[in-house]
Structures are given as C-alpha cells and as structure tokens.
Amino acid sequence: MEDKISIRSIREGLENREFSAQEIARVFLSKISEREKDVHAFLTVTEELALSEAAALDAAIANKEPLPLLAAVPCAIKDCILVEGIACTAGSKMLESYVAPMDATVVARLKEKGALLVGKTNMDEFAMGASTENSAFGPTRNPHDTSRVPGGSSGGSAAAVGAKESLVSLGSDTGGSIRLPASFCGVVGLKPTYGAVSRSGLIALASSLDQIGPFASTIEDTERVFEAICGKDPLDATSVEYEYPSEREQSVKGMRIGIPKEYFAKGLDAEIQSRVSDTLSELEKQGALLQEITLPHTEYALSTYYIINTSEASANLARYDGLRFGSKGKEPQGNLLDWYLSVRGEGFGSEVKRRIMLGTYALSAGYYEAYYIKALKIRALLLRDFQQAFEQVDLIAGPVSPVLPFRIGERVKDPLAMYLVDVYTVPVNLAGLPALAVPVGTSSAGLPIGMQFIAPAFQEHVAFRAGKAVELLHGRNS
Ligand code: GLN
C-alpha cells in the first residue's frame, strides 16, 4: 500500500472498504517512529489527534456519510502554524511552552476536509534560514543523505514527506522556504500567490512576503491540498476570493516558457544547470515554446529582500518582549530592563537577534530612506520585470537553488553564505507571485535536484500543468 499511496488511492481504498482511516493513521505513525531518530522532521508527533480524527472519520464512513476532499490524508504542519491545543514553538526557545489557543485557518480547513494531523514539523527559528539548522531544537536531516541538510526553513515539512512519514504537509515561504526544502528533499512544493492562502494563525516572519503552501510527493496531491486551503478568509484582510480552477489539461503544447538568463548565472552548480536544461529541452519536444527572457533587476533581489525581511521581522518580533511569551517559569529579576535582557537574550538564537538588529537599523530615523524606502522602490522594479516578462510568456522556468543539498555545519557559521542560497527564490516573494518546485532527478551522487515554474498571479494551475509534464518525464517521487 505504502509506495503508491496518494490522496486518490486513500479515497478509493476507503470507498472500497480495503482499509480504514485508523489503519492509514497507524501506517504513517509507525513510519514516524521508524524514521525519526535519523531524520528529526518533527518537534511534536500528534498521535492522539491523528487517531481520534481517524476514528471520527471511520464512524462517518460507517454512517455512509460522503467522504470529504482530504479524507484520511496524513498531514504534517510546520511549527509556526497554530493547531489548537498543541505546542507551537516556531523553532524557538522563546515559544517553548506556548500552546496554540486556536487553529490557523488553513488547519481548520484541513480538519474540515478530513485530513489527519500527524504532527508539527521542525523549522529554522521563526522561519529564518535555509537549512533548518537554526532550529533551537536541533537540525532536521535530509532523508536522502542524513549527513546533509533538508533545506529550510520548512525543512521538517519537506523531510517528513520525503521520508514518507507523512503523505502531505504544510510549510511557509517568505523567501524560498517551501521551494528550497522541496528541491533538497526531492518532493513537490508550492509557494502560492500572495493573498491566495490565509495567513491567520501563521506566526509572522515578514508579513508582506509570507505565504503558507503545501508539500507532497506528486503534483496532483500538491494541487489537491492547495485547493483545500486557498480562498478568502475574513480573519486575513490580505486574502482574496479565489476559486481554484482545477486543471485537467496536462499538455504543455503551445505553452510559452521564459528562461531568464539571470537565473543561469555564474555560481550555478553544473549538474543543476544540466538537469534543468535537459528537462526544458524535453518540454520543448512536447511542444512548449522556449524563449530566453531577461529579469534585469535580479541582481538586486537578495539585498532588497534582506532589508525588507529584517525590517518587517524586527517589527513582528517586538511582541516577544519576554513578558507575554517566553517568561514562563522564570522569576522576574532586577529591574524591568534586566528582566527584558535576561528573557530575550536567552529566548532568541543568534540569527533572530541579527535580524532584529539589522531591521531596527534599516528602519531607524536617518537610515529609513537610504535602506527601507530604497528597497521598496527596487521591489517595485522587480515586480515590473516580471510583469514585462509575462507580456511575452505564460510561465517562467529556472533552478530553485544554485547549490546541491550541503552538509550539516557547512554554511551555518557564515550567514552570508546561507543567504546566497536564496538568490533564485526571493524575487518571487518580493513580486507576490506563485511558484512551484518540482523534482527533476538527482545528481551523480544521488542528491535530489529541483526546478521551479513561476506563474503570473493567481495562475497556479499553469505552473501545475508544466509540473505534470515534468512529473511524467521523471516519474513520481516514490
Ligand atoms: N532563507 C530565507 C530567509 O532566511 C527564506 C526564509 C523563508 O522563506 N521563511 O529569510
């Protein structure tokens, strides 16, 4: 059952009474106990919750009630997304004892649709990072090579799907945190259009960039989870009305695919370059029309991103003053300032402190115009680059990462080396566009390689169509 398991096969199996929802839950929970000591994808395993949801579903099936969209689909949730009654740490000591008082809207939607929540996944602290090594609770390991990182910041969610500990999962992507770990772990991941998915109940990193999105082993499963979570939510004023147009078309015939020359620049690993180029040539044989394009402001994207990201992070993280969160069990000591310093100093890791300082600096009087306002202007130019490109093409294709999954410890001491990994992913967040990461095979050493398809706003279905064509070429990930 395990190898070819999908949302569709679970549904068919339940309909034909081949297995129960509780059996599905147990298969995945036992996979979690088997793999966790090597992978460490989870911070909390919610065995009881998964089994009680499964029992309720089995009772509904016995009552001949219609099966919901995601009936008995095991789903893992990044630990910055609230699940009522379950610890929610965002990978930080600051929130070690915080228990979510409510469900995030995406979680409520998954529960309503019959998904089984198997656990909360490891992540870089407050989603700051590209390797999951910034977690306060130890790194997650790449299921394909446990000496290497799974990517980040949603490394736990990608690794859980890659290790078959969960069928699907949710992550968040502020500057690549879904696409990078998807490509490092050989799974599919979608960063939706800004506003397509509610952020209510997501612990914020940078609110103008953050989006929640799904991981799965197949394009079809990724699409089904996206369909289940997208759409307007009164609790998030930036979310919009969005009926997902389910895309049945699989052919890329006549699809105009733009290849930005800036995305194949110096520094791109040769094996990644050749897998992506070979895949594009195959799509061309199937009738896609490839066209070289230019996104001329790409070279400014990374610095623009890190100014906006740190500025917004410094504002968002001001609430963790150590009094409202993080102070549990600690006696106030000295005066108010001493108390602040002791709780904040211990509660945050070094990357979080670095970003709060950088962002506070960029927003301070005298520097605001030179850094923050300048970054906003370049952000507008980056968006214009994409808009002009989409006058000529339907979709843009390129690599996700310039490098293969690296070894644990290799980059974590050098923040700049870590930031450089984001070079091809951050422009998409700055422009608010959707992008789908799809596996395109492995390197000579067997490490997964991914590529991304960037679509115009609210055109996720076009990216999925190209993704399906790629999946047919490379076979599904199982
Ligand atoms: N690696 C990027 C960063 O550290 C992306 C993070 C994310 O998307 N959450 O900011």
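We count ligands from 1, going down the list as the structure has it; atoms in each ligand are counted the same way. Computed from a prediction, not measured in an experiment: that's the story for all the values here.
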- Note on the structure: atom 9 (N) of ligand 1 sits nearest the protein heavy atom Ser177 OG, 2.7 Å
- Message: Side chain or backbone, does Leu205 bring an N or O within less than 3.5 Å of an N or O on ligand 1?
- Response: no
- Any chance the side chains of Ser207 and Asn316 put a donor and an acceptor closer than 3.5 Å? yes
- Check whether any heavy atom of Gln211 sits under 4.0 Å from an atom of ligand 1. no
- Query: Does an N or O anywhere in Lys78 fall below 3.5 Å from an N or O of ligand 1?
  - Reply: no
- Query: For ligand 1, which atoms sit closer than 4.0 Å to a heavy atom of Gly176?
  - Reply: 8 (O)
- Task: Mark yes when over 12 heavy atoms from residues, nucleotides or ligands other than Phe458 sit less than 6.0 Å from its CZ; otherwise mark no.
- Result: yes
- Item | Polar contact flag, side-chain donor to acceptor under 3.5 angstrom, His40-Thr132 | no
- Can a donor-acceptor pair be found between the side chains of Glu220 and Ser6 at a distance below 3.5 Å? no
- With heavy atoms under 4.0 Å as the rule, classify the contact between Asp422 and ligand 1 as side chain, backbone, both or neither. side chain
- Going by the atom numbers of ligand 1, which of them fall below 4.0 Å from some non-hydrogen atom of Tyr306? 1 (N), 2 (C), 3 (C), 4 (O), 10 (O)
- Item | Arg355 N/O under 3.5 Å from ligand 1 N/O | yes
- Using distance alone, with no hydrogens and no angle criterion, decide if Ser147 and Arg407 have a side-chain donor and acceptor under 3.5 Å apart. yes
- Message: Taking Cys230's backbone N and O only, do any of them form a donor-acceptor pair with Arg109's side chain (distance below 3.5 Å, no angle check)?
- Response: yes
- Query: Does an N or O anywhere in Tyr305 fall below 3.5 Å from an N or O of ligand 1?
  - Reply: yes
- Task: Would you kindly specify which portion of Asn309 sits under 4.0 Å from ligand 1, judged on non-hydrogen atoms: side chain, backbone, both or neither?
- Result: side chain
- Which atoms of ligand 1 are found less than 4.0 Å from any heavy atom of Ala127? 6 (C), 7 (C), 9 (N)
- Message: Using 30° and 60° as the class boundaries, would you call the ring planes of Phe184 and Phe406 parallel, tilted or perpendicular?
- Response: perpendicular
- Side-chain donor-acceptor pair present, Asp38, Thr146, cut-off under 3.5 Å: no
- Hey, which atoms in ligand 1 end up nearer than 4.0 Å to a heavy atom of Asp173? 8 (O)
